[in-house]
Structures are given as structure tokens and as C-alpha cells.
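The next block holds one structure in the form of C-alpha cells; read it before the comments.
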Amino acid sequence: MSHDFRLLIDGELRAGVSGFDVVNPATGRPFAQCPKADAAMLEQAVEAASRAFPGWAATPIEQRAAKVEALADALVARVDEFAALLTAEQGKPLDQAKKEVLGGAYVMRAFAAMRLESRVLREKDGNRIVEQRTPLGIVAAITPWNFPLMLLANKIGPALVAGNTMICKPAPTTPLTTLLLGELCRDIFPAGVINMLCDENELGPAITEHPGIAKIAFTGSTATGKKVLASSSGSLKRVTLELGGNDASIVLDDVDPVQVARKVFEGAMRNAGQICVAIKRAYVPDALYDDFCDELARLAKEAVVDDGANQGAQIGPVQNRQQFEKVAALIEESRSLGTIVAGGAPLDRDGYFIPPTIVRDIPDDAPLVREEQFGPVLPVLRYSDIDSLLERVNGTEYGLGGTVWSNNLDRAIAVAERVTSGTIWVNQLMAIDPTIPFRGLKQSGMGTEMGQEGLEEYTQAQVINAVALDAA
Ligand code: NAD
């Protein structure tokens with residue numbers, strides 16, 4: 001690819017200190033160079049964001065929101081270019097890449113429509129107490145490789161509307177859409193308000209330790225999230241962690257197994273299973289189990305696995321070699337523990353392709369059931385009794401999402417209420433909405449993204465408690 005990707009520091013598009021290859025996961029071969037930042041460039045970005053902060057924080061929220069909307073407009077105007085780049089670096093089919101780009105714009109617009117009103121806590125006997133929300137300072141957004149643009153938009157929207165300045169650092173295997181967004185940002189925001197830096201996984205600790213940065217908005221694995229929390233503690237930074245999940249899908253016994261298997265397949269295999277809230281284990285009652293597994297296997301065999309840039313591709317490659325090897329090893333390990341009824345081995349072609357794989361009759365303690373697979377492989381488990389099922393579902397350190405399927409809404413909701421995760425969807429998939437709070441329980445995260453509460457996480461609450469001088 002001939003595009004000259006640049007970092008964004010202090011309103012300038014800058015070359016890196018060196019460059020590194022970005023690999024197209026559909027070929028396994030480099031297709032572009034990414035500029036790399038070093039510790040000195042991080043300092044320059046912190047200084048720029050720090051200089052820009054007072055002016056941006058003092059800009060009325062309506063004007064900040066208008067700039068965020070302008071970014072959303074600019075993104076939509078170039079949707080095809082962004083989608084093609086996203087498919088090339090991330091692997092997802094082009095139609096899904098387009099949805100991610102438009103989804104990013106949608107989220108930014110949703111935050112641009114929100115406001116931070118002061119609250120009068122008391123207005124009585126000459127005593128006026130008001131709580132106001134002020135920005136924190138510099139927010140560092142650290143993002144993973146599964147939805148590089150969407151997850152960045154989830155942070156840019158609230159951080160900038162709330163009046164913070166930013167440093168954004170994408171994952172090393174999907175940095176390019178972030179840099180392209182940086183080009184749009186340069187033309188919209190004052191210098192230093194938003195900065196984009198790329199690394200090969202070494203800048204993270206320098207960012208999370210940096211005393212000049214007020215908040216870390218992190219999305220990634222639980223293991224890295226723990227490191228982020230530990231290293232942020234030195235300066236008592238605010239931290240939002242959106243981490244891993246092992247979402248269970250609970251099928252109740254009153255459904256048509258073929259109808260629900262289709263939904264569960266989609267929920268497990270979209271983005272080649274690389275979604276924090278993908279269905280990662282399915283629990284099906286004895287009476288429906290065989291029909292359900294048969295339909296999943298049929299769908300898996302029918303699915304078109306191909307380069308996301310090719311027309312008709314439904315499932316693209318796994319995003320990077322490391323994850324490809326991890327998922328392939330989990331499948332291999334499951335071979336002797338359960339029965340693989342579809343898929344089961346990487347495709348014999350270049351790139352990181354694993355066909356949708358369905359594993360039935362696998363025990364609860366198998367690594368594929370206990371760990372977050374983050375790939376196109378689904379274990380299907382039997383159950384006969386709801387109480388013991390819920391113990392199995394909840395017996396995990398994760399608590400992100402989950403689904404319940406039933407023709408009886410009240411019954412489904414009663415089951416959903418007993419699942420210990422931040423969101424449980426009933427009869428629908430991944431209905432994440434920028435106006436509805438989203439959070440992980442247990443080791444799936446800390447803090448809230450999305451909704452008014454998500455916006456407020458990018459602020460601090462300050463109380464002003466006043467009386468007249470002669471009353472004091
Ligand atoms: P990861 O934790 O390996 O990397 C995420 C980011 O952290 C990358 O930008 C990486 O460069 C950076 N990083 C690495 N080491 C760091 C350190 N010591 N300090 C600071 N930053 C560091 O995650 P990944 O493999 O890129 O993404 C997959 C994971 O993300 C999965 O577990 C998935 O469930 C999770 N995820 C969660 C959500 C959510 O909203 N809960 C959404 C998407 C993905």
C-alpha cells in the first residue's frame with residue numbers, strides 16, 4: 001500500500017523514529033509500514049496535550065461536541081476508504097468493516113448529543129451547594145486489535161466532549177485506521193487536543209505510569225488490564241478497564257433449536273469470534289441438544305471463510321499469528337476431550353484462516369470452556385437443571401455479557417437476572433448502544449463505558465458549597 005502513514009503529535013503528522021510492518025491476516029504478508037514512536041515522542045505528545053488542555057477545557061461543550069460531530073461526518077464521508085483499510089489490517093469482511101466505521105461515527109454523534117449539567121444539591125437558607133463536572137486532563141486511550149476503530153471512537157467521543165485532551169495508542173497489529181483517523185483529527189481539532197502514537201507493544205507501561213496523564217481508558221485482555229491497573233496506581237490515575245469475557249449462551253427448553261442455533265452461530269462467529277461479547281460457550285437442554293448441534297455443524301460447514309476483501313466472505317481470518325496459534329492449539333487440545341462436528345483444523349492456504357469449529361460433548365473443565373478462546377470455535381454443553389446450570393455459567397472469573405433464549409420472556413428474564421455479568425441480552429445479540437451503560441463485572445472490567453455514566457467517567461465531580469459572607 002502506498003499511503004504514507006504518520007503519527008499525530010501537536011497537530012502535526014510526523015514520521016516515526018523507525019517503522020514496522022503491518023501484516024494482512026488474509027495473506028500473512030506485510031502490506032504497509034507503520035511509523036513507530038519512542039519515549040521521547042510520548043513526552044512531546046504529553047506536553048502538547050497538556051498545553052492544549054486549558055483552552056479545550058474552557059471551550060463551551062456545544063463547540064467541543066460540534067467538533068466531535070465534524071469528525072464523525074468526515075469519517076462517514078470516507079467510509080469506503082476506512083473500511084478497505086480496516087479489512088486489510090484486521091481481516092473482517094468488508095460489509096462488517098463498513099458497519100464498524102459507521103458504528104464509530106454513530107457512537108461519536110451519540111456522545112456529542114450528551115451534556116454535563118451541574119446539579120444543585122442544596123439551595124436553602126442562603127446556602128447554595130452545586131456539584132459540577134470538570135474534565136480530568138489528559139486521557140490515554142489504549143485499544144486492542146478486534147475493533148480498532150469502533151473501540152477508539154467509544155473513547156474519543158466521551159473524552160473530547162467532556163473537555164479532556166487525548167493520546168491514543170492502537171494495538172501494533174491494527175494501527176493504520178487509527179492513523180488515518182489522526183489525519184482527519186488534524187484538520188478538525190486544535191493542535192495537541194488529540195495525538196496518535198504507535199508502538200510494537202513497548203509504550204504501554206510508559207503511558208500508564210506517566211504522571212502527566214490523568215486517566216487510562218483501556219480495552220484489551222484481562223491479563224494486560226491487571227498490569228495497567230498496577231502501573232497506574234503510582235499517580236492514582238482514573239482507570240476504565242474493558243476486558244475479556246467468557247460469555248455463556250443459555251438456551252431454554254421452549255425454543256425451536258434450529259432457529260436459535262442460527263442466532264448462536266452468528267453470535268459466536270461474527271468477526272471470527274474475536275469479540276469481547278461473542279458467545280463463547282453454549283448451554284443447551286438435553287432434549288434439544290442433538291438438533292441444536294446438528295444445525296450449528298451445518299451452518300459451520302456452509303459458511304464462506306475467505307479474505308474479507310472478497311465478495312461473499314462471511315468469516316475472515318484470525319487477526320494475527322499469535323492468536324491464530326492460540327486458537328489452533330485450543331482446538332487441537334479439544335480433539336481428545338470432546339467431539340468436533342465441524343471445522344477442526346486451519347485451512348491449507350496463506351493467512352490465518354480457521355474455519356468455524358463446533359465442539360460437542362466437551363467437559364466443563366476443558367480449556368476451551370474455561371478460557372476465553374477469542375476465535376471461531378464454540379463448545380456446546382448439555383444441561384438438565386437450571387440451578388446447577390447457573391452455577392456452571394457463573395463459575396468463571398469473567399462477567400462481561402451473555403444471552404438467554406426463550407419464547408417466554410418472563411422466564412428468560414428470571415434466568416438472566418441470575419447470571420453474574422454486566423449485560424445479559426434476551427433473544428438478541430450484542431445490542432450495545434452508546435446511550436446504555438456497558439460494563440464488565442468481576443475480572444471483565446472496572447468502570448463504565450457508554451451512556452451518561454460513561455461520559456461522566458471522563459470527568460471529576462467537584463462540589464462548590466457557598467454562603468453569603470455575612471452569614472458565615
Ligand atoms: P491486549 O491486552 O494484548 O492489548 C490491548 C492493548 O494494550 C494494545 O494496544 C497493546 O499494545 C497494549 N498493551 C500491551 N501491553 C501493555 C502494557 N503492559 N501496558 C499498557 N498497554 C499494553 O489485548 P488484545 O489481544 O489486543 O485484545 C483482545 C482482548 O481484548 C480480549 O481479551 C478481548 O475480550 C478484549 N476486549 C474487551 C472488550 C470490552 O469491551 N470488554 C472489547 C474488545 C476486546
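Just follow the structure's listing: the first ligand is 1, and inside any ligand the first atom is 1. Heavy atoms only: backbone and side chains are in, while hydrogens, waters and symmetry mates are out. Just so we're clear, the structure is a prediction, and the values are computed from it rather than from any experiment.
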For Asn201 and ligand 1, does the shortest N/O to N/O distance drop below 3.5 Å?
yes
For atom 27 (O) of ligand 1, what is the closest protein heavy atom, and at what distance to 0.1 Å?
Pro144 CB, 3.2 Å
For atom 20 (C) of ligand 1, grab the closest protein heavy atom and report residue, atom and distance to one decimal in Å.
Gly204 CA, 3.4 Å
When you measure from the side chain of Asn146 to the backbone N and O of Gln274, does any donor-acceptor pair fall under 3.5 Å?
yes
Are Glu183 and Arg186 close enough, and set up right, to give a salt bridge (charged side-chain N to carboxylate O under 4.0 Å, His left out), and what steps lead you there?
CA-CA 5 Å; Glu183 293 179 22; Arg186 187 207 39 181; over 6 Å; no
Aromatic ring pairing Phe189/Trp56, orientation class (parallel under 30°, perpendicular over 60°, tilted between)
perpendicular
Within the 3.5 Å criterion, strictly below it, is a donor on Gln33 or Asp21 matched to an acceptor on the partner's side chain?
yes
Could you list which atoms of ligand 1 come closer than 4.0 Å to a heavy atom of Pro172?
11 (O)
Look at ligand 1 and say whether Phe438 reaches it with a heavy atom at a distance under 4.0 Å.
yes
Taking the six-membered ring of Phe53, is NZ or CZ of Arg51 closer than 6.0 Å to its centre and within 45° of its axis?
no
With a cut-off of 4.0 Å, which atoms of ligand 1 are near a heavy atom of Thr219?
5 (C), 36 (N), 37 (C), 38 (C), 39 (C), 40 (O), 42 (C), 43 (C), 44 (C)
Does the structure place the NZ or CZ of Lys215 under 6.0 Å from the centre of the six-membered ring of Tyr458, at an angle of no more than 45° from the ring's axis?
yes
Indicate whether the side chain of Thr420 and that of Asn394 have a donor and an acceptor atom separated by less than 3.5 Å.
yes
Assess whether atom OH of Tyr383 is packed by more than 12 heavy atoms of other residues, nucleotides or ligands within 6.0 Å.
yes
Considering distance alone, does some N or O of Leu243 sit under 3.5 Å from an N or O of ligand 1?
yes
Considering only heavy atoms of Pro205, which atoms of ligand 1 have at least one such atom less than 4.0 Å away?
17 (C), 18 (N), 19 (N)
Does an N or O from Thr222, backbone or side chain, lie closer than 3.5 Å to an N or O of ligand 1?
no
In ligand 1, which numbered atoms sit nearer than 4.0 Å to a non-hydrogen atom of Leu400?
41 (N)
Would you compute the distance between atom CG of Asp364 and atom CD of Glu391 and round it to the nearest 0.5 angstrom?
11.0 Å
Give the residue and atom name of whichever protein heavy atom lies nearest to atom 7 (O) of ligand 1, and the separation in Å to one decimal.
Phe218 CE1, 3.2 Å
Relative to atom 39 (C) of ligand 1, which among Cys276, Gly401, Gly440 owns the nearest non-hydrogen atom?
Cys276
Identify the protein heavy atom lying closest to atom 23 (O) of ligand 1, giving its residue, its atom name and the separation to 0.1 Å.
Ser221 N, 3.3 Å
Could you tell me which atoms of ligand 1, counted from 1 in the order shown, lie closer than 4.0 angstrom to a heavy atom of Pro170?
9 (O)
With respect to Lys280, determine whether any N or O atom, backbone or side chain, lies less than 3.5 Å from an N or O atom of ligand 1.
no
Could you tell me whether atom 34 (O) of ligand 1 has a protein heavy atom closer than 4.0 Å?
yes
Closest approach of any protein heavy atom to atom 28 (C) of ligand 1, naming residue and atom
Phe374 CE2, 3.6 Å
Asp199 to ligand 1: N or O pair under 3.5 Å?
no
Between Pro317 and Asp306, is any pair of side-chain heavy atoms under 4.5 Å apart?
no
Tell me, which protein residue and heavy-atom name are nearest atom 22 (C) of ligand 1, and how many Å apart are they?
Thr224 CG2, 3.5 Å
Donor-acceptor pair between Thr174 and Gln90 side chains, under 3.5 angstrom:
no
If you count heavy atoms of other groups shown closer than 6.0 angstrom to CE of Met430, is the number above 12?
yes
Check: Thr143 N/O within less than 3.5 Å of ligand 1 N/O
yes
Subset of ligand 1 atoms that lie under 4.0 Å from at least one heavy atom of Asn146
43 (C), 44 (C)
Closest protein heavy atom to atom 40 (O) of ligand 1, given as residue, atom name and distance to 0.1 Å:
Glu242 CB, 3.2 Å
For ligand 1, find out whether one of its N or O atoms is nearer than 3.5 Å to an N or O atom of Glu372.
yes
Give me the nearest non-hydrogen protein atom to atom 25 (O) of ligand 1 as residue plus atom name, then the distance to 0.1 Å.
Trp145 NE1, 3.0 Å
Student check: side-chain heavy atoms of Thr396 and Arg281 closer than 4.5 Å
yes
Is it true that a side-chain atom of Glu457 and a backbone atom of Thr448 form a donor plus acceptor pair closer than 3.5 Å?
yes
